[in-house]
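Protein chains get the first letters and strands the later ones, always in sequence-line order, with residue 1 at the start of each.
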Amino acid sequence: MYLCALCVFVVRFSSGSPRQPPGKASMDDKYSPQQIEAKWQQRWREQRTYSLAATAGKPKFFLLEMFAYPSGDLHMGHVRCYTVGDVQARYRIMKGFHVLHPPGFDAFGLNAENAAIQRQIHPGDWTESNMKRMREQYERMGFSYDWDQLVVTSHADYYRWTQWLFLRFYKAGLAYKKKAPVNWCPSCATALANEQVKDGLCERCDSVVTKKLLDQWFFKITQYADRLLSNHEKLEWPEEIKTMQRHWIGRSTGVEVDFTVEGTGAKIPVFTTRVDTLFGVTYLVLAPEHPLVNELVAGTDREADVREFQERMARQSEIERTATDAPKEGVPLGVNAINPATGEAVPLLIANYVLVDYGTGAVMGVPAHDTRDFAFAKEKGLPIRVVIAPPSDPTATDSAALQDAYVDPGVQVNSAQFDGIPSTEAKERIADWLEERGTGRRQVNTRLRDWLISRQRYWGAPIPILYCDKCGEVPVPEDQLPVVLPSDVSFTGKGESPLAGSPTFVNTTCPTCGGPARRDVDTMDTFVDSSWYFLRFASPQDETQAWDAGLVAHWLPVDQYVGGREHATMHLIYARFVTEALHDLGLLPFDEPFTRLFNQGTVYLHGKKMSKSRGNVVPLDAMCDQYGADTARCFELFIAPPDEQAEWNEKGVEGVWRFLRRAYTYVVTHRERFQADWRSSLAASAPTGEDDQAVRRKTHQTLQRVTEDLERFHYNTALAGLMELVNELYVRPGISDTVLSEAAELLTLMLSPFAPHLGEELWEGLGKDGMAAFQSWPEADAAVAREDVVEVVVQINGKVREKLSVPAETTKEELERLAMASDKVQALLEGLQVKKIIVVPGKLVNLVVGK
RNA sequence: GGGCGAGUGGCGGAACGGUAGACGCAGCGGACUUAAAAUCCGCCGGGGCAACCUGUGAGGGUUCGAAUCCCUCCUCGCCUACCA
C-alpha cells in the first residue's frame with residue numbers, strides 16, 4: 001500500500017523536465033526539496049549554524065525533548081516528539097531567546113544486550129552505529145540541535161557521574177540494600193526484566209519463570225512521596241499527568257492496628273483505611289511470604305499444606321498472581337489471632353491476594369463491608385458480621401440478608417461503645433481509642449514502593465560498590481570512578497549477571513584495607529541514567545564534575561520539556577525524585593526539573609501504533625526521499641493536534657506537499673517584484689486598493705493566529721492558517737509590489753519554524769541577509785488585522801434567522817435596533833412577544849420570544 | 001478491576017459557552033491541453049424544487065444559547081494490575 005504511493009510519486013517526480021530559467025541559476029521555479037534541503041543542511045553543518053553560541057547574550061530558554069533510545073532506523077512515529085520540540089525551539093530563537101536545544105541518547109538498556117546475544121556483537125558497537133545512523137536522520141529532518149551538547153548515557157564520561165550520584169545517595173542513606181524477588185528463568189539461569197516475561201514464560205526459552213530472592217539496591221523514593229505530591233502545585237504540567245502521578249503515588253491515610261497471635265502474643269500489625277469496620281473482623285490474612293508464617297506453622301500438621309501453597313505462589317509470576325480475575329486462594333494456618341478491639345480470636349490464613357510489600361503484608365478480613373473479603377469468606381465458609389448498617393435501616397444486623405458487601409458509610413452496630421455513631425465519625429473515634437490504649441496508631445501509606453535499581457545485566461552503569469571479606473560492603477571512592485564495564489564478557493543470555501563472568505571485573509582490591517575484594521556485579525536501572533541527564537546538558541563536556549553549579553543554576557530547570565504520556569508514572573516521577581533529593585543534599589538550587597511539560601500524542605498507522613515490531617511504519621528516509629523533510633515535518637504536525645494521537649494517512653501528505661510548493665512558487669515567481677524597503681513605503685502611504693487591503697488584513701490576521709498557535713502548540717491550526725494566507729495570495733493577483741513584499745517576507749518568516757529549509761531558501765531568494773531562522777519574530781499590526789465589516793447573526797430562540805452585515809464597532813443598542821428593523825425578523829415575530837434580547841457585539845443578537 | 005483520555009461529514013480534523021464542519025484528503029464541475037497528468041478556479045454533512053427541516057456516540061440536565069459545562073450509559077485508545 002505504502003510502496004504503491006511511493007512508486008506513483010517517484011514516477012511523477014522524475015517525469016517533470018528540469019528547466020533552468022535563464023540568468024537565475026541559483027533558484028529554480030520548480031520546488032525541489034531534495035536539492036534545497038541538502039544545500040541548507042550542508043551549510044548548517046559547516047557553519048555550525050545552531051551552535052549554542054549563536055543566540056548568546058539573550059534570556060535563556062532550555063527546551064528539551066525526552067532523549068531517544070538508539071534503536072537505529074527511525075520512522076515517522078519516532079520523530080513526532082522531536083518535530084514538535086524543534087518547531088518550538090526555532091520559534092523561541094526568533095522570539096529572542098538564547099535557546100539550549102540539545103540532542104541526547106538514552107543508550108544503555110536491554111535491546112543492545114539482546115542484539116549482542118543474537119548477532120554476537122558488542123552492545124556498545126551496536127549502540128554506537130545506531131546513534132550514528134540516527135544523527136544522520138535527525139540532520140535530515142532539519143532539527144536545530146547543537147551536536148556539541150550531545151549527551152550519551154553509555155559513555156564512561158557520563159556513567160561515571162551516574163555512579164557518583166549513586167554514591168551520594170548511598171552516603172545520604174537514600175540507597176540501601178535488601179533482599180527482593182526477581183523474575184528468574186531456571187533454564188537460562190538468568191534474571192529477567194518484567195518485559196522479558198510473556199504470560200509467565202521466559203520470552204527466549206518458554207520456561208516457566210519463577211521468583212528468586214536476590215540482594216538488590218533500592219532508592220528511597222517513598223521518603224519523597226509527600227514532596228512529589230505537594231510540588232505538583234508549582235508545575236505547569238497537564239493536569240492529566242499530575243493526576244496519574246497522584247494515583248500512582250497512592251497516598252492513603254489509615255490506622256495500623258496490632259493484632260496478636262493467640263498463645264504466643266506475637267504482634268501482627270495490620271494496616272486498614274476502614275478502622276470503622278474493626279469490630280467486624282472475622283479472620284486475618286497474611287501474605288504467603290510474611291516473615292511470621294514459617295514460625296507459626298513450624299512443626300504443626302498445617303506445615304506441609306502451607307509450604308506447598310507458598311511454593312506454588314513463588315512459582316507464579318507477579319502478573320499471574322495479582323491478576324484481578326485470578327481465583328482467590330488461601331490456606332488456614334491453624335492458628336488464631338486476637339482482635340485488640342474485641343479480644344476475640346479469629347482464624348489466621350495466608351492467601352494469594354495479599355502482597356507482602358504493601359502496608360504490613362497483613363490484611364484484616366471484614367466480609368460484611370469489603371467486596372473482595374465478602375467473596376473470599378463465601379468461598380471459604382468464613383463467618384460474616386455486620387458492623388455498619390445503612391442509614392435507611394440503622395439497626396440492620398442480619399448478615400444472612402447481605403447479597404454483597406455493604407461498603408458505604410452508615411451507622412455503627414455490633415461495635416460495643418461505638419454503636420449508633422455514624423461510621424465516618426467512628427473512624428476517628430476508634431482510631432483515638434486504639435491510640436489511647438496503645439494497640440494502634442494512625443498511619444499514612446503509599447502505593448508507591450521504593451525504587452529497585454539493581455539489574456542483573458551487562459549494558460548499564462555498574463553499581464560502584466564492592467565487598468571485602470574484612471571491611472564488608474565498601475563504596476568505591478569517588479576518585480576511583482568510573483567503574484568501567486569490562487570488555488571480556490560473552491553474551492549468551494545465560495548465567496547470572498553477565499558481569500559475574502568477568503574475573504578482571506569482579507576481582508579487585510579493597511580501597512580501605514588493600515585486601516582482596518569483589519565488585520557488585522549488577523548494573524543500574526536505565527531509569528537512573530535518565531533521571532539526571534537534563535543536568536548534564538548544562539556542562540556536557542565537563543570532565544571534573546557531574547555538572548557545573550553555575551551553569552546548572554543558569555540553564556535549569558528545563559523551561560519546556562516535550563515527551564510522551566507513557567512516561568507519566570515512571571521517568572517523570574524518577575527524575576523529579578532525583579532532583580528533589582539532589583536539592584536536599586545541597587547539590588541543586590531548585591527541586592523540580594521540568595517547569596513546563598508538553599505531551600505529544602502517539603502516531604498510528606492503519607489503526608495501530610506505528611512500530612517496527614508491528615511492521616506498520618513509514619520510514620523517515622522514504623518520506624524524505626519522496627517529499628523532503630519540510631513536507632514530512634509539516635504533514636506530521638498537520639494531521640492532528642500535536643497532543644493527540646494521530647492517524648497517518650499517506651494520501652494526505654500530498655496536500656501539505658502542494659501547500660509548500662504553492663508557497664515556494666508564489667514567492668519565487670514574484671521575487672523580481674520584491675521591495676526590501678516595503679516597511680517605509682507602507683509608512684509613507686497606506687494602500688487603498690481592495691486586494692491590497694484584503695491581503696494585508698489576511699497577512700496580519702495570520703500572523704496573530706500563528707503566533708498564538710505556536711504559544712499553545714496548536715501547530716495544526718497554525719499550518720491551516722498559513723495555507724489560507726497562501727490561498728489568499730493566489731486569488732488576489734492585483735496587489736501592489738509593496739503589499740506583496742510584506743506578505744512574502746512575513747510568510748517566509750512564519751514558515752521558517754515549520755519548514756526551515758524552505759524558509760531559508762525563500763529568505764535567500766528574496767535577497768535578504770542572514771538566516772531566516774535568526775530573524776526576530778514579526779509583530780502583527782492589530783489595526784491592519786481588524787475586520788471593519790462583520791456579519792452579525794440574528795437568532796430567534798437560539799435559531800439563526802437573519803444575517804446582518806455591519807461595521808465591526810456597531811454598538812449593542814444599534815445592533816438591537818437593526819435586528820428589530822429587519823423585515824424578515826418582523827415577519828417571524830408576528831403575534832409573539834419579545835421577552836429578552838441578548839446582544840454579543842460583533843457576533844449575534846438573540847431574541848427570546850414567546851406568546 | 002482501577003486510572004487517564006477520546007468519540008464531530010466518505011476520511012484526517014476546525015470551532016478559548018455564541019453562525020457546527022476552518023484547513024487538508026477524497027469526490028464532482030470548469031479553465032488550460034490534440035489528449036492525459038500536473039497546474040489554476042469553483043462546488044462539496046444529510047433531506048427538500050424551495051421556504052425550511054435535520055445533524056457533533058446514546059439518554060437526561062444547566063443556560064437566552066451546549067460539540068463545548070454537569071449526571072448516567074455505550075464504544076474505542078493508552079497506562080496500570082487484588083493497595084487492605
For RNA chain B, consecutive-pair runs of 3 or more (Watson-Crick or G-U wobble, both H-bond-type distances under 3.5 Å) give B:1-7 with B:74-80, B:10-12 with B:23-25, B:27-31 with B:39-43, B:45-47 with B:52-54, B:57-61 with B:69-73
Nearest-nucleotide pick for A:Y730, side chain only, options being B:rC40, B:rU39, B:rC82:
B:rC40
Taking the C1' atom in each of B:rG13 and B:rA67, what is the distance between them to the nearest angstrom?
13 Å
Closest heavy-atom pair and its distance - A:N599, A:I241:
OD1-CG1, 3.2 Å
What nucleotide, of B:rC52, B:rC82, B:rC40, holds the atom closest to the side chain of A:R372?
B:rC82
Determine whether A:L703 and A:M750 make a side-chain contact, defined as any pair of heavy atoms from C-beta on separated by less than 4.5 Å.
yes
Take atom CZ of A:R274 and atom P of B:rC82, then tell me their distance rounded to the nearest Å.
20 Å
Which atom of A:R633 lies closest to which atom of A:P753, heavy atoms considered:
NH2-O, 3.0 Å
Distance between C1' atoms of B:rA20 and B:rA14 (Å, rounded)
9 Å
Rounded to whole Å, CG of A:L828 lies from C1' of B:rA51 at a distance of 11 Å
With a 4.5 Å heavy-atom cut-off, do A:Q245 and A:L228 have their side chains touching?
no
Of A:V731 and A:L448, the one whose closest nucleotide on RNA chain B sits nearer the 5' end is A:V731
Taking the six-membered ring of A:W248 as reference, does the NZ or CZ atom of A:R576 fall below 6.0 Å from its centre and within a 45° cone about the axis?
no
I'd like to know if A:R449 reaches the base of B:rC83 with its side chain such that a donor and an acceptor end up less than 3.5 angstrom apart.
yes
I'd like to check A:P33 versus A:Y31 (side-chain heavy atoms, cut-off strictly below 4.5 Å). Are they in contact?
yes
If you compare all heavy atoms of A:L452 against all heavy atoms of A:D525, which two are closest, and at what distance to 0.1 Å?
O-OD2, 4.2 Å
Please encode protein proximity along nucleotides 67-75 of chain B as a string of B, S and -, counting only heavy-atom distances under 4.0 Å.
---------
Phosphate OP1/OP2 of B:rC53: any A:R801 side-chain N/O under 4.0 Å
yes
Tell me the interatomic distance from A:N352, atom CG, to B:rC82, atom C1', rounded to whole angstroms.
9 Å
Please state the P separation for the pair B:rG45 and B:rU56 - nearest whole angstrom.
16 Å
Using a 4.0 Å heavy-atom cut-off, write out nucleotides 4-21 of chain B from 5' to 3' as B (base contacted by protein), S (sugar-phosphate only) or - (no contact).
S-------BSSS--BB--
Name the nucleic acid region contacted by A:T360, choosing base, sugar-phosphate or nothing; use a 4.0 angstrom heavy-atom cut-off, strictly under.
nothing
Measuring only the C1' atom in each nucleotide, how far is B:rU33 from B:rU54? A whole number of Å is fine.
44 Å
Length of the line joining A:L286:CG and B:rA84:C1', which is rounded to integer Å:
13 Å
Interatomic distance at C1', B:rG9 relative to B:rG5, whole Å:
24 Å
Could you tell me whether the side chain of A:N616 and the main chain of A:S611 form a donor-acceptor pair under 3.5 Å?
yes
Is there a donor-acceptor contact under 3.5 Å from the side chain of A:Q310 to the main chain of A:P288?
yes
Between P of B:rC52 and NZ of A:K824, the distance in whole Å
5 Å
Euclidean distance, atom CG of residue A:L637 to atom P of B:rG24 [Å, nearest integer]
17 Å
Ignoring backbone atoms, test whether A:K799 places a side-chain nitrogen or oxygen under 4.0 Å from the OP1 or OP2 oxygen of B:rU54.
yes
Between B:rC53, B:rG24, B:rG77, which one does the side chain of A:N727 approach most closely?
B:rG24
C1'-based separation of B:rG57 from B:rG77 [nearest Å]
15 Å
Answer yes or no: is there a donor N or O on one side and an acceptor on the other, between the side chain of A:T439 and the main chain of A:P340, under 3.5 Å?
no
Rounded to the Å, how far apart are A:K427 NZ and B:rA84 C1'?
12 Å
Distance between P atoms of B:rC70 and B:rA66 (Å, rounded):
16 Å
Which part of the nucleic acid does A:R246 contact within heavy-atom distance under 4.0 Å: base, sugar-phosphate only, or nothing?
nothing
Can you work out whether A:R447 or A:G721 has the more 5'-proximal nearest nucleotide on RNA chain B?
A:G721
Would you indicate whether A:D408, at its atom CG, is surrounded by more than 12 heavy atoms from other residues, nucleotides or ligands within a distance under 6.0 Å?
yes
If only atom types and distance count, is the side chain of A:R274 paired as donor or acceptor with the main-chain N or O of A:V407 below 3.5 Å?
yes
Between P on B:rA22 and CD on A:Q704, what's the gap in Å once rounded to a whole number?
22 Å
Is B:rG60 in the syn range, within 90° of 0, or in the anti range?
anti
Between A:Y406 and A:H369, what is the ring plane arrangement, given parallel below 30°, perpendicular above 60°, and tilted in between?
perpendicular
Taking the C1' atom of each, how far is B:rG29 from B:rU34, in whole Å?
22 Å
Counting any heavy atom closer than 4.0 Å, what does A:R251 reach on the DNA or RNA strands: base, sugar-phosphate only, or nothing?
nothing
Which class fits the ring pair A:Y730 and A:Y666: parallel under 30°, tilted 30 to 60°, perpendicular over 60°?
tilted
